[in-house]
Amino acid sequence: MSVKTHNKVKKKMHDLKFIRENPSTFDDAMARRGLGSQSADILRMDESRRAIQTELQALQQERNETSKQIGVIKSQGGDAQEIMDAVSKIKGRMGELEEEERTIASALNQHLAGLPNIMFDDVPNGADEGENVELHKWGTPKQDQVPEHFEIGEALGLMDFDTAAKMSGARFVILKGALARLERALAQFFLDTHTGDHDYTEVNPPLLVRDNALFGTSQLPKFAEDLFPAGDAHYLIPTSEVPLTNMVAEQIVDMEELPYRYTAFTPCFRSEAGSAGRDTRGMIRQHQFYKVEMVSITKPEDSEAEHERMRECAETILKELDLPFKTVTLCSGDTGFGAKKTYDLEVWLPGQQRYREISSCSNCGDFQARRMNARTRPKGEKQTQFVHTLNGSGVAVGRALIAVLENYYDPTDGGVYVPEVLKPYMGGLEKITKV
RNA sequence: GGACAGAUGGCAGAGUGGUUGAAUGCACCGGUCUUGAAAACCGGCAAGGGUGCAAGCCCUUCCAGGGUUCGAAUCCCUGUCUGUCCGCCA
């Protein structure tokens with residue numbers, strides 16, 4: 001399906017000045033992403049663009065000056081026909097140059113838009129998730145094998161994949177009764193914690209966004225196939241990172257107002273186009289799932305500290321739920337397109353006897369801010385700077401539900417205890433049992 | 001869905017074809033005054049880019065994209081957004 005485009009090609013993306021001045025640094029950074037040298041191509045395009053621009057500007061200057069003369073002559077009642085013809089002649093060449101400039105600028109911008117963020121030096125090198133580096137572990141993983149979450153849920157009669165498949169196909173689920181409520185309880189608990197204890201402001205954002213918003217957070221143009229188009233103007237959000245971060249798009253915010261901290265509980269929609277065959281059973285990987293998201297907008301110098309803080313906000317949730325987890329720093333090969341550095345929180349799933357991702361916290365630096373032109377200005381200063389943006393799950397609700405089912409499972413009767421912190425949200429219910 | 005009206009600098013708000021990058025007010029910065037502050041007064045104050053050692057010079061930008069013209073904030077077309085009214089609707 002084709003979706004209308006609202007992109008302006010004025011976006012800044014990577015800083016050309018930086019690439020011009022540090023071509024090898026830039027190439028090294030792209031090499032860590034598994035890409036070949038980029039700077040030579042970029043600089044060649046940039047140079048030729050500037051050459052065209054210089055020539056064009058000389059002609060524009062000539063046109064402007066001559067046109068002003070015409071104005072003067074005419075206002076004095078003179079005849080300006082001769083110079084008017086002369087200006088007309090310049091226009092042919094100007095048109096050509098304008099066309100060339102447009103072509104090369106758009107090629108350059110498209111190229112830049114497809115290049116990932118430059119990672120921090122302390123991001124470990126590695127090919128894939130196997131080389132992520134453990135930061136720390138918390139809690140004691142249950143070594144006893146328990147059923148997987150979908151076995152538990154189905155046995156309880158509260159989790160139904162077959163009926164969901166009839167109406168929606170694969171990768172959907174129906175939760176009922178206490179499990180439906182458990183999902184709502186988790187979300188509520190997450191939101192209350194982030195708004196009450198972590199200084200986040202609750203936001204209820206649009207779930208449908210246009211392509212320019214997705215360009216800003218860098219899902220587009222490269223990852224269109226992961227998205228669900230909705231109608232001819234919108235996409236369903238793959239994460240509320242998109243609307244929350246775009247709240248500062250095209251804005252100049254006073255520096256003393258920062259940081260902004262936003263949290264939202266929303267459904268997320270992902271086509272999972274590249275995941276055929278992976279996690280096909282159960283709720284791990286769905287086309288639609290709930291997530292509580294945290295987004296921070298900070299001054300440039302504060303983003304690294306904010307990143308640690310955000311990671312701790314997410315970890316707090318798992319600690320409060322008493323779910324064992326480990327935190328890893330993603331290696332270069334596993335770090336997302338827009339991130340300078342990412343921490344993943346992996347929760348212990350006794351049904352799988354392994355840790356699975358339940359939160360991902362990324363510092364994007366100014367990468368997204370450049371793409372959405374989100375700036376800040378220190379009080380009294382003229383010069384604006386790009387803000388830094390961070391996003392993190394706090395945490396994925398569906399996966400948290402899975403973790404609760406498997407970690408709080410009672411093998412004696414197939415029931416599931418309600419975690420202490422969730423009881424108030426479950427009407428005091430102690431244990432979920434078969435209906 | 002139909003009808004109309006808008007979109008101009010950080011904000012508000014003039015400007016309908018010719019030195020208008022844009023009056024004015026607010027905000028902001030510097031100064032005078034004051035023991036200090038406020039007020040008042042004086043001055044400054046858009047951004048992005050090209051070029052140059054630099055001072056500077058130049059280009060672009062008045063929602064976006066196309067067009068008319070020697071010349072466009074101003075005229076035309078398309079799109080987006082906002083407001084108002086009508087219809088429909090949870």
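Source: prediction; values computed, not measured. Convention: sequence-line order gives letters A, B, ...; per-chain numbering from 1.
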Mind checking the [atom1] distance from [N] to [M]? Whole angstroms is fine.
N: B:G65; M: B:A72; atom1: P; value: 15 Å
N: B:C57; M: B:G21; atom1: P; value: 16 Å
N: B:C45; M: B:C29; atom1: P; value: 16 Å
N: B:G18; M: B:C76; atom1: P; value: 16 Å
N: B:A46; M: B:G10; atom1: C1'; value: 9 Å
N: B:G17; M: B:G71; atom1: C1'; value: 8 Å
N: B:A27; M: B:U35; atom1: C1'; value: 29 Å
N: B:A5; M: B:U61; atom1: C1'; value: 26 Å

Could you tell me the separation between the [atom1] atom of [X] and the [atom2] atom of [N], rounded to a whole number of Å?
X: A:Met94; N: B:C58; atom1: CE; atom2: C1'; answer: 14 Å
X: A:Ile252; N: B:A47; atom1: CD1; atom2: C1'; answer: 9 Å
X: A:Ile52; N: B:C59; atom1: CD1; atom2: C1'; answer: 15 Å
X: A:Asp254; N: B:C11; atom1: CG; atom2: P; answer: 11 Å
X: A:Arg377; N: B:C11; atom1: CZ; atom2: C1'; answer: 11 Å
X: A:Asn373; N: B:A46; atom1: CG; atom2: P; answer: 19 Å
X: A:Leu59; N: B:G71; atom1: CG; atom2: C1'; answer: 16 Å
X: A:Glu250; N: B:G10; atom1: CD; atom2: P; answer: 12 Å

Which of the following nucleotides, [options], is nearest to the side chain of [X]?
X: A:Arg63; options: B:G10, B:U19, B:G71; result: B:G71
X: A:Asn64; options: B:G50, B:C59, B:C70; result: B:C59
X: A:Gln61; options: B:C59, B:G18, B:U51; result: B:C59
X: A:Ser67; options: B:U51, B:C70, B:G49; result: B:C70
X: A:Ile70; options: B:C70, B:U51, B:G10; result: B:C70
X: A:Arg210; options: B:G10, B:G50, B:U80; result: B:U80
X: A:Lys68; options: B:C58, B:U19, B:U60; result: B:U19

Reckon A:Arg50 has a side-chain N or O less than 4.0 Å from the OP1 or OP2 of B:U51?
-> yes
OP1 or OP2 of B:A46 under 4.0 Å from side-chain N/O of A:Arg375 = no
A:Leu330 and A:Lys341: CA distance, side-chain angles, deciding distance, side chain to side chain contact (heavy atoms under 4.5 Å, CB included) verdict = CA-CA 7 Å; A:Leu330 296 195; A:Lys341 181 178 179 178; over 6 Å; no
Taking pairing as Watson-Crick or G-U wobble with both contacts under 3.5 Å, can you name the mate of [N], or confirm there isn't one?
N: B:G1; answer: B:C86
N: B:A72; answer: none
N: B:U80; answer: B:A7
N: B:U60; answer: B:A47
N: B:C41; answer: B:G31
N: B:G36; answer: none
N: B:U19; answer: none

Is the closest side-chain donor-acceptor distance between A:Gln53 and A:Arg49 under 3.5 Å?
->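 Note: A:Gln53 and A:Arg49 side chains meet the donor-acceptor criterion.
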[X] and [Y] ion-paired at < 4.0 Å:
X: A:Asp199; Y: A:Arg261; value: yes
X: A:Asp162; Y: A:Lys166; value: no
X: A:Arg171; Y: A:Glu272; value: no

CZ/A:Arg32 to SG/A:Cys331 distance, rounded to the nearest 0.5 angstrom?
-> 9.5 Å
Base, sugar-phosphate alone, or nothing: which one does A:Thr66 contact when heavy atoms must sit under 4.0 Å apart?
-> nothing
Kindly state which residues belonging to residues 41-49 of chain A come within less than 4.0 angstrom of RNA chain B, counting heavy atoms of the residue only, listed by number.
-> none
Nucleotides 66-69 of chain B: which of its N/O atoms have a protein N/O under 3.5 Å away?
residue : atom : partner  : partner atom : Å
B:G66   : OP1  : A:Arg102 : NH1          : 3.0

Taking the six-membered ring for Trp, is the centroid-to-centroid distance between [X] and [Y] below 6.0 Å?
X: A:Tyr409; Y: A:His149; result: no
X: A:Tyr262; Y: A:Tyr200; result: no
X: A:Tyr343; Y: A:His307; result: yes

What class does the angle between the rings of A:Phe337 and A:Phe223 fall in, given that below 30° is parallel, 30 to 60° is tilted and above 60° is perpendicular?
->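 Ring orientation, 0 to 90° scale: perpendicular.
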Can you spot which of A:Phe289, A:Phe172, A:Phe161 makes a side-chain contact (heavy atoms from CB on, under 4.5 Å) with A:Met283?
->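 Result for side-chain contact (heavy atoms from CB on, under 4.5 Å) with A:Met283: A:Phe161.
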Only residue of A:Ile297, A:Thr298, A:Asp302 satisfying side-chain contact (heavy atoms from CB on, under 4.5 Å) with A:His388 is A:Thr298
Nearest-nucleotide check on RNA chain B, A:Gly71 vs A:Glu65; residue mapping nearer the 5' end is A:Gly71
